[in-house]
Amino acid sequence: MGSFFAGIKAGTLSGILYLGGMAAFNAVLLYTLKPDVLTVIQQSYSLTCAPVASVNATSVEDCFASVVAVDVPYLAFVGFFVALLYSGLFGRYYDSLPMKSSTLKGETIAAVVGVNLVIFGFAGFFFNSEAALATGGFLVAWTIVFGYLLGRLYKKYTRVVEFQSQDPDSLKVVVDGRDFTGKSRTFALTSSHNVRADVSDDASFKEWEPTGGIKIEDPRSFESLMEVNGDGVLTGRVGKKY
């Protein structure tokens, strides 16, 4: 478990930089290799260039302009939503990923995003060997940067809470319907969650004992709201019935 919302938030900022940088690189690459691009356009003019609302592509030069003005932003726009989708999944399943550091987890998801962009044709332009080499090299390096930022930003927007029970056999700590007794989980900063003490028949609930950045709305109630303002530990205390 993790925070889907925090993943989306981290993915929005890092994704804008990621796809914005790729769009800028693709535009520079097209102008740098313009003679080759024009040759490709001439060879497949009817397939490469169709009139669009903003550019009346009646010549090869007009077609080139439409590729830069329309195709490049389109690739970045769709690619951004691909990155955003995986960023949300990254947040949702953050605690399930086997890597220990947030940076390595971010790099793993970034690699998945990069592969998807290549498979579905949103990574850039590979019209000749020079373009393929330049685009491939930039994509690898820029994806590493994206993964680093994604992991760091996610950690910035979340906090880790550990759930303990004074007697795990008598009291289970249930958060948002899931048993987290003896586990640590990641939550979005300033988020609120339902916490409930599942107590055995021969025991009675005493209180919640929060430490660190954890606040409990009613520490004496077996079911209450937990607010996450920082890393911390929440302990459920229980007594035996006589």
Rounded to the nearest 0.5 Å, what's the gap from [atom1] on [X] to [atom2] on [Y]? Could you check?
| X | Y | atom1 | atom2 | value |
| --- | --- | --- | --- | --- |
| Phe122 | Leu75 | CZ | CG | 7.0 Å |
| Leu189 | Tyr157 | CG | OH | 10.5 Å |
| Asp198 | Ser170 | CG | OG | 11.0 Å |
| Leu104 | Leu97 | CG | CG | 10.5 Å |
| Arg185 | Phe163 | CZ | CZ | 9.0 Å |
| Arg196 | Met226 | CZ | CE | 13.5 Å |

Mark yes or no for whether [X], through its side chain, and [Y], through its backbone, hold a donor-acceptor pair below 3.5 Å.
| X | Y | value |
| --- | --- | --- |
| Ser224 | Asp218 | yes |
| Lys215 | Asn229 | no |
| Asp231 | Val160 | yes |
| Asn194 | Asp176 | no |
| Asp95 | Thr186 | yes |
| Tyr94 | Lys155 | no |
| Thr181 | Pro168 | no |

Does any part of the side chain of [Y], heavy atoms only, come nearer than 4.5 Å to the side chain of [X], both counted from C-beta?
| X | Y | result |
| --- | --- | --- |
| Met99 | Thr108 | yes |
| His193 | Val195 | no |
| Phe187 | Arg159 | no |
| Glu61 | Leu38 | yes |
| Val67 | Val37 | no |
| Val72 | Leu30 | yes |

Heavy atoms only: give me the nearest [X]-[Y] pair and the separation to one decimal.
| X | Y | value |
| --- | --- | --- |
| Leu171 | Arg237 | CD1-O, 4.0 Å |
| Val161 | Ile214 | CG2-CD1, 3.4 Å |
| Arg220 | Glu207 | CZ-OE1, 3.9 Å |
| Pro73 | Val68 | CD-O, 3.4 Å |
| Ser3 | Thr158 | CB-CG2, 4.4 Å |

Transitive ILVMFWY side-chain link [X] to [Y], under 4.5 Å:
| X | Y | value |
| --- | --- | --- |
| Leu150 | Val140 | no |
| Val82 | Phe146 | yes |
| Val70 | Val28 | no |
| Trp208 | Leu225 | no |
| Leu29 | Val145 | yes |

Under 3.5 Å, sequence neighbours excluded: what are the donor-acceptor pairs made by side chains of residues 5-27?
from: Thr12; atom 1: OG1; to: Ile8; atom 2: O; distance (Å): 2.8
from: Ser14; atom 1: OG; to: Ala10; atom 2: O; distance (Å): 2.7
from: Tyr18; atom 1: OH; to: Thr143; atom 2: OG1; distance (Å): 2.7
from: Asn26; atom 1: ND2; to: Met22; atom 2: O; distance (Å): 3.1

Open item on the list: For a side-chain contact (heavy atoms from CB on, under 4.5 Å) check, start with the C-alpha distance between Phe127 and Leu33, then their side-chain angles and the critical distance, and finish with the verdict.
Closed with: CA-CA 10 Å; Phe127 48 86; Leu33 301 178; 4.0 Å; yes
Open item on the list: If you count every heavy atom of other residues, nucleotides or ligands that lies below 6.0 Å from Lys34 atom NZ, does the total exceed 12?
Closed with: yes
Task: Sub-6.0 Å ring centroid separation between Tyr31 and Phe64 - done: yes
Task: Tyr86/Phe90 aromatic ring centres below 6.0 Å - done: no
List the atom pairs, donor and acceptor, that lie under 3.5 Å between side-chain atoms in residues 128-137 and the rest of the protein, sequence neighbours left out.
from: Asn128; atom 1: OD1; to: Glu130; atom 2: N; distance (Å): 3.2
from: Asn128; atom 1: OD1; to: Ala131; atom 2: N; distance (Å): 2.7
from: Asn128; atom 1: ND2; to: Asp36; atom 2: OD2; distance (Å): 3.3
from: Thr135; atom 1: OG1; to: Phe125; atom 2: O; distance (Å): 3.1
from: Thr135; atom 1: OG1; to: Ala131; atom 2: O; distance (Å): 2.8

TODO: Measure the acute angle between the ring planes of Phe138 and Trp142, then classify it against the limits of 30° and 60° as parallel, tilted or perpendicular.
DONE: parallel
